[in-house]
Amino acid sequence: MLKIHLVQPRRTGGCQCGAVRFAYTGQLGAPSLCHCRMCQKAFGSFGAALVDMTYSEFTWTRGEAAVFRSSSIVSRGFCRDCGTPLFMRDDGDPAIEIAVGTLDTPDDVPPFCKQSAVESKLSWFDTLHLLPAERMQDYRSPEEMESLRTLQHPDHDT
C-alpha cells in the first residue's frame, strides 16, 4: 500500500528592512481580518490581515521582534529597526498571529475565514473595492520608474 505524506510548505517572511526574518513549517490556521482599534493603531491602517501559526513550529531565523504589550492579555511584535508590525499573540495562546503582509508570498494567504471586531470597523472599509485602480506606471514617468530603486529587503531569505 502506497502511503502519501503531505508536506507543508516552509513559509518564510520578515520585516521591511530584513533585520527580522522568520520561518514556519506547520499547517497555517485560517487567515482573517481584525478591525479592532488596537490593530488599527498597530498597523496604521484599517486593521490587520493575520494568520495563525503554531508557535512551536515557528522560528526566528534572523534577529527577533521587539514586543509591545498593547493590552493586559496581548503582546504585539515589530521590528525595532524599521517598525514593521509582525505579529500579535494572546497570553497563553499556542498560536502566534502573523501579519499576512510580512510573508514572502502574501498572495498565497488570502483572509477568507472571518472579520473580527467589526464593531470597530471603519465606516469606509466596505467601499474600498469601489476606488479607481491604477498601476504605479500610470502616475510615475518612465524616468522615475527607471530610477526607482527599493531599499526594502527582498521577499526571500538572504
Side-chain angles (χ1 to χ4, degrees), residues 6 8-136 139 150-158:
L6 297 177
Q8 296 302 318
R10 182 175 186 261
R11 305 269 181 182
T12 57
C15 67
Q16 191 169 20
C17 74
V20 179
R21 297 282 301 160
F22 60 83
Y24 184 68
T25 55
Q27 177 72 35
L28 292 176
S32 61
L33 294 177
C34 181
H35 293 280
C36 81
R37 189 66 183 126
M38 284 185 283
C39 280
Q40 290 172 6
K41 292 285 247 187
F43 284 79
S45 188
F46 64 83
L50 301 163
V51 62
D52 284 356
M53 296 181 180
T54 305
Y55 197 68
S56 63
E57 297 174 274
F58 178 89
T59 307
W60 297 111
T61 59
R62 181 183 302 149
E64 194 167 315
V67 176
F68 172 72
R69 299 254 339 149
S70 60
S71 76
S72 60
I73 62 168
V74 173
S75 293
R76 293 178 184 271
F78 61 95
C79 174
R80 72 179 74 249
D81 293 342
C82 67
T84 301
L86 296 164
F87 73 85
M88 67 167 285
R89 188 169 187 207
D90 287 14
D91 292 349
D93 194 335
I96 183 171
E97 293 182 69
I98 292 293
V100 170
T102 65
L103 295 169
D104 291 339
T105 56
D107 207 35
D108 293 348
V109 188
F112 64 83
C113 176
K114 67 179 176 182
Q115 295 184 61
S116 59
V118 294
E119 68 279 3
S120 300
K121 184 167 55 168
L122 299 174
S123 61
W124 46 261
F125 177 80
D126 290 332
T127 62
L128 290 176
H129 68 284
L130 300 174
L131 291 173
E134 58 185 1
R135 300 171 305 161
M136 190 180 297
Y139 58 88
T150 182
L151 302 177
Q152 182 168 294
H153 187 271
D155 285 336
H156 57 80
D157 289 329
T158 56

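What you see below is based on every heavy atom in this structure, not just the backbone, and it leaves out hydrogens, waters and symmetry mates. For reference, positions follow the sequence shown, starting with 1.
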For Phe43 and Leu50, run side chain to side chain contact (heavy atoms under 4.5 Å, CB included): C-alpha distance rounded to whole Å, both residues' side-chain angles, the deciding distance at 0.1 Å, then the answer.
-> CA-CA 11 Å; Phe43 284 79; Leu50 301 163; 4.1 Å; yes

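- Pairs passing the salt bridge (Lys or Arg N to Asp or Glu O under 4.0 Å) check and including a residue from residues 46-60, sequence neighbours excluded, do not occur.
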Check step by step if side chain to side chain contact (heavy atoms under 4.5 Å, CB included) holds for Leu86 and Val20.
-> CA-CA 9 Å; Leu86 296 164; Val20 179; 3.8 Å; yes

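- In this structure, Phe78 has no ring-ring contact (aromatic ring centres under 6.0 Å, His included) partners at least two apart in sequence or on a different chain.
- Using a 4.5 Å heavy-atom cutoff, the side chains of Ile98 and Arg11 are not in contact.
- Residue Cys17 comes nearest to Cys82 through the heavy atom pair N-SG, 3.5 Å, listed as atom of the first residue, atom of the second, then distance.
- The backbone N or O of Ser72 lies less than 3.5 Å from a partner atom in the side chain of Arg69, making a donor-acceptor pair.
- With Thr61 contributing its side chain and Ala23 its backbone, the two residues share no donor-acceptor pair below 3.5 Å.
- The backbone N or O of Thr158 lies less than 3.5 Å from a partner atom in the side chain of Arg62, making a donor-acceptor pair.
- The two residues Val67 and Ser75 have their closest heavy-atom pair at CG1-CB, 3.6 Å.
- By the 4.5 Å heavy-atom criterion applied to side chains, Gln40 and Phe46 are not counted as neighbours.
- From Glu64, atom CD reaches atom OG1 of Thr59 across 11.0 Å, with rounding to the nearest 0.5 Å.
- Counting only N and O atoms by type, the side chains of Ser70 and Arg76 include a donor and acceptor under 3.5 Å apart.
- Side-chain contact between Gln115 and Phe125 is present, with heavy atoms from C-beta onward closer than 4.5 Å.
- Within a 6.0 Å sphere centred on CG of Asp91, heavy atoms belonging to other residues, nucleotides or ligands number more than 12.
- The minimum heavy-atom distance between Cys15 and Ala19, with the atom names listed, is SG-N, 3.4 Å.
- Atom SG in Cys36 sits 8.5 Å away from atom CD in Glu119 (nearest 0.5 Å).
- With values rounded to the nearest 0.5 angstrom, His35 atom NE2 is found 9.5 Å from Ser32 atom OG.
- In this structure, Phe112 and Leu33 have side chains that are not in contact, with every pair of non-hydrogen atoms separated by 4.5 Å or more.
- Between Thr84 and Thr102 the shortest side-chain heavy-atom distance falls below 4.5 Å.
- Sorted by first then second residue, the ring-ring contact (aromatic ring centres under 6.0 Å, His included) pairs that include residues 12-34, not counting sequence neighbours, are Phe22-Phe58.
- Taking Arg21 as the reference, Asp104, Asp157 meet the salt bridge (Lys or Arg N to Asp or Glu O under 4.0 Å) condition, with sequence neighbours excluded.
- Residues satisfying the ring-ring contact (aromatic ring centres under 6.0 Å, His included) test with His153, not counting sequence neighbours, are none.
- Residues Leu28 and Met53 have side chains in contact (heavy-atom distance under 4.5 Å, counting atoms from C-beta outward).
- Between the side chain of Thr54 and the backbone N or O of Ser56, no donor-acceptor pair lies under 3.5 Å.
- Inter-residue side-chain proximity for Cys39 and Met88 is flagged as met; some heavy-atom pair is nearer than 4.5 Å.
- When the salt bridge (Lys or Arg N to Asp or Glu O under 4.0 Å) test is applied to Asp126, the partners found at least two apart in sequence or on another chain are Lys121.
- The two residues Gly101 and Pro106 come nearest to each other via the heavy atoms CA-CB, 4.3 Å.
- The cationic group of Arg89 lies under 6.0 Å from the six-membered ring centre of Tyr55 and within 45° of the ring axis, placing it in a cation-pi geometry.
- Taking 4.5 Å as the limit, every side-chain heavy atom of Leu103 sits out of range of all side-chain heavy atoms of Asp108.
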